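Below: the structure, in structure tokens.
Values reported hereafter were calculated over all heavy atoms of this structure, with side chains retained and with hydrogens, waters and symmetry mates removed. Everything numeric here is computed off the predicted structure, so don't read it as measured data.
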Amino acid sequence: MINPKIPDGPLDKKWEWYIAKARLINPANRRKYKAIVVGTGLAGSAISASLAELGFQCEVFTYHESPRRAHSVAAQGGINAAKGYKNDGDSVWRMFYDTLKGGDFRSREANVFRMAECSMALIDQAVAQGVPFAREYGGYLSNRSFGGVQVSRTFYARGQTGQQLLQGAYQALMRQVALKQVQLNTSHEMMDLILENGKAKGIIARNLETGELSIHHADTVILATGGYGKIYYLSTLAMNCNGSAIWRAHRKGAYFAAPSWTQFHPTSLPQLGNHQSKLTLMSESLRNDGRIWVPQKAHDTRAPHEIPEDERDYYLERKYPSYGNLAPRDISSRAAKEQIDAGKGVGPMKNAVYLDFQTSIQRDGKETIQKRYGNLFDMYEKITGVNAYTSPMLISPSAHFSMGGLWVDYELQSSIPGLFVLGEANFADHGANRLGANSLLQACVDGYFIAPHTIMNYLAGEQPKQQVPNDFGQEELKLTEERIGRLMKIQGNKTAEQFHRELGGILTNKCGLAREKSVMKEGLQAIKDLQQEFYKYLKIPGSTKQLNMELEKAARVEDYLELAQLIFHDALQREESCGAHFRVEHQTPGGEAKRDDLNFQFVSAWEYAEGNFKLHKEDLHFEFIQPQERTYA
């Protein structure tokens, strides 16, 4: 079994006692240590700025031309914190419980409580950085609710919360760049991880503008590169999002945890044709005021305004009366699929449901709704041409957030010593389903409040390397050159984009919202067949010594083809339903997920072994809350 290194002591004292006992480094000696940070989203920018502020050297890498392009900007709806401003019974304990329950009791108690505990200070820090959170008339910060909770703990800046938080982190990062504490490398992609005596000590990077490969040394490596939901191709993620950095670390020995736990967001715009390469996310916050419904009669072709109230099925309000339209994402997404599969889907492709604001507009007025969500309504109209103030939005589930990621212990350190993994790139805090508005929180808390302590604790036991050996990283450099050369030599007739689209279709159809053993076995074989085609028919135009986006895509799709196989392996071995992992064979009489705590109360952590995957288990022990049947009725 794997040791997560959870500190002893009462739940509410574990983190406090860890900090009190953690090893420190004299401020004068910190400048001798260097950290490499890959990724400049919220987690990456936060840890870079934090370490540099402490006096450590930092070298930061992003494949964007600016850190501000990181995908953290896309998290629109808000960030959770247990401040209890609404006097509605919220607390750190309630947030801890909601998150554990929301993840279907498949996450660590200690990690989840720490995230809830640190949420309090994070909001204060964000305000100090200038994040323009919404405020009440008297000046207090405003809150709204998100799925899976019955309190209002989500702080927001209209529908731009991620963007505003990233601006704060970006300013902190660029301040350290100006002070020469951070060396920023834009348009650079990590190609491989360099190990020295089994410890993470550097990376191979490729300059995406020139094609040049370079070796970079450090005393620790930090990955904050986001999730891999784009493997499904049609997802809410930007086109450039990928899982290659964590996959390349996995190939070097870092365990990959719970790879099949991918969340489908219930509030995405539906696919409208085969021309699309991504889907657009509409914030979950809209479900505070929007009511979700479908026609009661299957294959109803009437326009929404022609369908009277008594012929509409507000199915979330009917099935989950306590939570209604704010049921958790996994449950809401499956419920939508159930309606669509029953022939009640709406829209041009009959693959959507309605999100209707008429009740809220009649109750509160258009101006109030406009103040809360105006930019989201504007975005919807620009994309669809439909005014959502007068006609319901069309929404549909789509691949979104990766609960899985590299396995990390309580210190956010992977199974490779010296390799730390932050934010969505790790698996740590969400279990089998993430509650809305916890993603921005995890990224910020990891970067600002947790990793600075745990990384210093690790570095205090390391001797800073003053001189780098001449042969450092040469083997990894050669292997990277050979890999690029192999891909370039194939010269077939299919682009990486075509392979990615096919891969996404297999995953969506064979290992998506509902999963069945026989279907998944077919999908796994289809992925293996597609991988063989990839090495026969891939076409990469251009050369390696220039900007070559087709080469970038090809290397990432090559990684995806391996990761997809691991996703199927993980989903097949977990003979239970939990959270976003819904096995058709394991459901309650009412069609809900049916956990098997006796046999599967563990985190699956996979080791890469010469092309095979070896399963390790981290048992989940519940000392403070006992798992129970997850119900939102």
Side-chain angles (χ1 to χ4, degrees), residues 147 229-237 239 262-284 286-287 290-307 311-319 325 327-357 376 379-388 391-401 500-516 519 523 580 582 584 591:
K230 192 61 187 173
I231 193 171
Y232 282 83
Y233 192 73
L234 281 180
S235 79
T236 64
L237 279 72
M239 285 301 295
T262 299
Q263 182 177 80
F264 281 69
H265 199 293
T267 320
S268 163
L269 299 192
Q271 181 182 4
L272 294 175
N274 293 327
H275 62 283
Q276 287 175 268
S277 56
K278 77 173 297 293
L279 300 173
T280 301
L281 174 67
M282 300 304 293
S283 170
E284 181 176 317
L286 292 168
R287 294 200 279 151
R291 301 179 70 194
I292 296 172
W293 63 276
V294 292
Q296 286 189 355
K297 185 175 66 175
H299 311 297
D300 194 326
T301 58
R302 289 177 292 176
H305 67 272
E306 295 174 348
I307 302 175
E311 294 183 36
R312 300 180 179 187
D313 183 7
Y314 294 91
Y315 58 89
L316 288 178
E317 298 174 25
R318 170 173 55 82
K319 294 182 69 175
N325 296 295
R329 290 177 178 180
D330 58 327
I331 288 173
S332 300
S333 291
R334 283 198 298 274
K337 183 178 186 298
E338 183 181 280
Q339 299 299 322
I340 293 167
D341 290 347
K344 298 180 182 181
V346 297
M349 296 181 69
K350 305 300 180 186
N351 61 346
V353 298
Y354 290 125
L355 179 60
D356 197 330
F357 293 88
L376 297 173
M379 182 172 72
Y380 184 83
E381 186 167 8
K382 285 180 180 178
I383 294 170
T384 66
V386 175
N387 183 337
S391 184
M393 289 183 179
L394 293 177
I395 59 167
S396 180
S398 66
H400 178 56
F401 188 89
H500 190 184
R501 188 185 290 272
E502 289 183 43
L503 170 64
I506 295 169
L507 277 166
T508 301
N509 295 323
K510 308 291 187 182
C511 197
L513 271 167
R515 299 161 178 192
E516 190 172 359
V519 176
F582 186 77
V584 173

Residues in side chain to side chain contact (heavy atoms under 4.5 Å, CB included) with [X], at least two apart?
X: T508; value: Y232
X: E516; value: S518, V519, V584, E585
X: S283; value: Q76, F146, S285, L376
X: D341; value: K337

- prompt: Is a donor on one side and an acceptor on the other found under 3.5 Å between the side chain of R312 and the backbone of P304?
  reply: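 Yes.
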Which pair of heavy atoms, one from [X] and one from [Y], lies closest together, and at what distance?
X: A327; Y: S332; answer: O-OG, 2.9 Å
X: P397; Y: A336; answer: CG-CB, 3.9 Å
X: T262; Y: A580; answer: O-CB, 3.5 Å
X: A298; Y: A342; answer: CB-O, 3.7 Å
X: S333; Y: F264; answer: OG-O, 2.6 Å
X: N351; Y: S396; answer: O-OG, 2.9 Å

Residues that [X] engages under ring pair (Phe, Tyr, Trp, His ring centres under 6.0 Å), provided they are two or more places apart:
X: Y315; answer: none
X: H400; answer: H265
X: F357; answer: F377
X: F582; answer: none

Under the rule for side chain to side chain donor-acceptor pair (under 3.5 Å), what residues qualify as partners of [X], not counting sequence neighbours?
X: K510; answer: E522
X: E311; answer: R302
X: E338; answer: K319

- request: With the side chain counted from C-beta on, respond yes when R334 and R329 share a heavy-atom pair under 4.5 Å apart, and no when they do not.
  value: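 No, side chains not in contact.
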- request: Taking the side chain as every heavy atom from C-beta outward, state whether M379 and M282 have any pair of such atoms under 4.5 Å apart.
  value: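 Contact flag for M379/M282 side chains = yes.
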query: How long is the span from the OH atom in Y354 to the CG atom in D313, to the nearest 0.5 Å?
result: 13.5 Å
statement: dist D356:CG -> Y314:OH (nearest 0.5 Å) comes out at 5.5 Å
- prompt: Relative to the ring of Y233, is the ring of H500 parallel (under 30°), tilted (30 to 60°) or perpendicular (over 60°)?
  reply: perpendicular
Can you list, pair by pair, the side-chain donor-acceptor contacts under 3.5 Å of residues 274-281, counting residues two or more places apart and other chains?
| unit_1 | atom_1 | unit_2 | atom_2 | d |
| --- | --- | --- | --- | --- |
| Q276 | OE1 | L272 | N | 2.4 |
| Q276 | OE1 | G273 | N | 3.3 |

query: Salt bridge between K344 and D300, side-chain N to carboxylate O under 4.0 Å?
result: no
Result of checking L394, N325, I395 against L355 for side chain to side chain contact (heavy atoms under 4.5 Å, CB included):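 Single pass found, and it is I395.
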